[in-house]
*Asks:* 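One structure coming up, written as structure tokens, with questions to follow.
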Amino acid sequence: MTDEQMPVKIRVKTDVAHEGESETFELSLFGQLFKKDGSTFLKYDEVQDEGIVHTIVKLANENALILRSGALKMRMIFEEGQQLNGSYESQYGTLLVTTDTQAFTHKSDDAGTGQAELVYNLLMQGDAVGTYTMNIHYELEENL
């Protein structure tokens, strides 16, 4: 597979647990997939109340990166067993976000179908905001 972009269907399911409460967010959308330097990249746009958010998810062997731009800007890095700092920028200013990654797996096949799971504690300005379990599933549109 080259770094050409291929249309892909992406499902993102995020479970958030915080102080005994839990919430689930699910997103199903179409985006683009490309591979570069051994990493898989997913690109998609989300429509949120604030406007359109452009998202890039980078899935490498040992780590993951989520970059968002547009109506909100965010950068989060994930590496199992590591606490890594990122940033979240909104109309209220820039906040420090820290990901404490408990688990990260990514499996894909030659047909362009893959699955990633991230389990992490999220801290904002040093305060715990919850434990997140994010499942990302993607498959090439031509396989649907």
Side-chain angles (χ1 to χ4, degrees), residues 1-18 21-125 128-144:
M1 231 185 268
T2 65
D3 58 2
E4 78 178 88
Q5 297 191 18
M6 293 167 289
V8 65
K9 183 165 202 275
I10 303 167
R11 282 197 321 270
V12 181
K13 181 176 175 232
T14 307
D15 295 304
V16 184
H18 184 61
E21 302 284 314
S22 66
E23 262 184 294
T24 299
F25 303 95
E26 289 195 58
L27 200 58
S28 202
L29 38 75
F30 289 95
Q32 299 290 317
L33 170 131
F34 63 96
K35 296 201 171 188
K36 187 175 179 187
D37 301 330
S39 295
T40 299
F41 292 81
L42 299 171
K43 275 174 49 171
Y44 58 89
D45 290 342
E46 284 177 67
V47 178
Q48 296 195 349
D49 296 341
E50 300 86 357
I52 295 195
V53 178
H54 310 290
T55 301
I56 296 176
V57 179
K58 176 186 177 189
L59 301 166
N61 291 334
E62 301 293 321
N63 55 38
L65 170 69
I66 298 176
L67 291 174
R68 297 173 115 177
S69 61
L72 66 84
K73 288 189 173 78
M74 188 174 77
R75 176 185 171 89
M76 293 196 311
I77 312 162
F78 307 90
E79 192 169 325
E80 200 168 310
Q82 301 287 318
Q83 278 195 9
L84 298 169
N85 290 331
S87 60
Y88 175 87
E89 206 176 299
S90 70
Q91 66 262 38
Y92 308 111
T94 302
L95 301 173
L96 171 71
V97 294
T98 306
T99 55
D100 178 3
T101 308
Q102 308 299 305
F104 168 60
T105 57
H106 175 229
K107 298 189 251 326
S108 64
D109 63 22
D110 293 338
T113 299
Q115 174 112 17
E117 183 181 65
L118 278 165
V119 180
Y120 61 97
N121 295 316
L122 184 65
L123 295 93
M124 217 164 236
Q125 300 290 107
V129 291
T131 299
Y132 288 66
T133 303
M134 181 186 282
N135 282 287
I136 302 169
H137 179 270
Y138 57 90
E139 58 190 300
L140 294 182
E141 275 187 54
E142 64 195 42
N143 297 341
L144 297 177

*Asks:* With side-chain hydrogen bond (donor to acceptor under 3.5 Å, both in side chains) as the criterion, how do Lys9 and Ser28 come out once you've worked through the C-alpha distance, each side chain's angles and the decisive distance to 0.1 Å?
*Replies:* CA-CA 7 Å; Lys9 183 165 202 275; Ser28 202; 3.1 Å; yes
*Asks:* Quick one: does Tyr44's side chain get under 4.5 Å of Leu27's, heavy atoms only?
*Replies:*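 Answer yes - side chains close enough.
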*Asks:* Should Arg75 and Glu89 be marked as a salt bridge (Lys or Arg N to Asp or Glu O under 4.0 Å) after you check the CA-CA gap, both sets of side-chain angles, and the distance that decides it?
*Replies:* CA-CA 9 Å; Arg75 176 185 171 89; Glu89 206 176 299; over 6 Å; no
*Asks:* Going from CG on Asp109 to NZ on Lys107, what distance comes out if it is rounded to the nearest 0.5 angstrom?
*Replies:*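 Spacing of CG (Asp109) from NZ (Lys107) equals 12.0 Å.
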*Asks:* Report yes if some heavy atom in the side chain of Tyr132 is under 4.5 Å from a heavy atom in the side chain of Thr14; otherwise report no.
*Replies:* yes
*Asks:* Between atom CE of Met134 and atom NZ of Lys13, what is the distance when rounded to the nearest 0.5 Å?
*Replies:* 12.5 Å
*Asks:* Give the minimum heavy-atom separation between Pro7 and Gln32, together with the two atoms involved.
*Replies:*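 Pro7 and Gln32 have their closest heavy atoms at N-OE1, 3.9 Å.
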*Asks:* Can you name the nearest heavy-atom pair linking Glu139 to Val8, along with the distance?
*Replies:*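 Nearest pair, atom of Glu139 first, then Val8: O-CG2, 3.0 Å.
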*Asks:* With side chain to side chain contact (heavy atoms under 4.5 Å, CB included) as the test, would you mind laying out the steps for Leu122 and Thr98 before giving the verdict?
*Replies:* CA-CA 6 Å; Leu122 184 65; Thr98 306; over 6 Å; no
*Asks:* When you compare the side chain of Asn61 with that of His106, does any pair of heavy atoms fall below 4.5 Å?
*Replies:*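 No, too far: nothing below the 4.5 Å cut-off.
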*Asks:* Suppose we call two aromatic rings close when their centres sit under 6.0 Å apart. Are Phe104 and Phe78 close by that rule?
*Replies:* no
*Asks:* Would you name the heavy atoms of Ser108 and Tyr138 that are closest together and state the gap between them?
*Replies:*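 Residues Ser108 and Tyr138, closest heavy atoms: CB-OH, 3.4 Å.
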*Asks:* Does any part of the side chain of Met74, heavy atoms only, come nearer than 4.5 Å to the side chain of Met76, both counted from C-beta?
*Replies:* yes
*Asks:* What are the two closest heavy atoms between Asp45 and Leu29, and how far apart are they?
*Replies:* O-CD2, 3.8 Å
*Asks:* Taking atom CD as the centre, does Glu62 end up with more than 12 heavy-atom neighbours from other residues, nucleotides or ligands that are less than 6.0 angstrom away?
*Replies:*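 Check fails, neighbour count at 12 or below.
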*Asks:* So Thr40 and Leu33, do their side chains get closer than 4.5 Å, heavy atoms only?
*Replies:*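 Yes, at least one pair of side-chain atoms sits under 4.5 Å.
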*Asks:* Does the side chain of Asn135 reach to within under 4.5 Å of the side chain of Val12, using non-hydrogen atoms?
*Replies:*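 Not in contact.
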*Asks:* Spell out, as yes or no, whether a donor-acceptor pair under 3.5 Å connects the side chain of Thr131 to the backbone of Asn121.
*Replies:* no
*Asks:* Report yes if some heavy atom in the side chain of Tyr120 is under 4.5 Å from a heavy atom in the side chain of Gln102; otherwise report no.
*Replies:* no
*Asks:* For the pair Val119 and Thr101, evaluate side chain to side chain contact (heavy atoms under 4.5 Å, CB included) and give the outcome as yes or no after the intermediate values.
*Replies:* CA-CA 6 Å; Val119 180; Thr101 308; over 6 Å; no
*Asks:* Got a second to check how far Glu50's CD is from Leu72's CG, nearest 0.5 Å?
*Replies:*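 Reported value, rounded in 0.5 Å steps: 6.0 Å.
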*Asks:* Can you name the nearest heavy-atom pair linking Phe34 to Gln5, along with the distance?
*Replies:* CD2-CG, 3.9 Å
*Asks:* Establish, from distance only, whether the side-chain atoms of Thr55 and Lys43 form a donor-acceptor pair under 3.5 Å.
*Replies:* no
*Asks:* Dump the intermediate steps for side chain to side chain contact (heavy atoms under 4.5 Å, CB included) on Arg68 and Gln48, then the final yes or no.
*Replies:* CA-CA 12 Å; Arg68 297 173 115 177; Gln48 296 195 349; 3.8 Å; yes
*Asks:* Using a 4.5 Å cut-off on heavy atoms from C-beta on, say whether the side chain of Met124 contacts that of Tyr88.
*Replies:* yes
*Asks:* Would you say Gln125's side chain and Leu96's backbone share a donor-acceptor pair under 3.5 angstrom?
*Replies:* yes
*Asks:* Run the side chain to side chain contact (heavy atoms under 4.5 Å, CB included) test on Val97 and Leu123 for me, step by step, so that the C-alpha distance in whole Å, both residues' side-chain angles and the decisive distance to 0.1 Å come before the verdict.
*Replies:* CA-CA 6 Å; Val97 294; Leu123 295 93; over 6 Å; no
*Asks:* Provide the closest heavy-atom pair for Ser87 versus Thr94 in the form atom of the first, atom of the second, distance.
*Replies:*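 For Ser87 versus Thr94, the nearest heavy atoms are CB-CG2, 4.1 Å.
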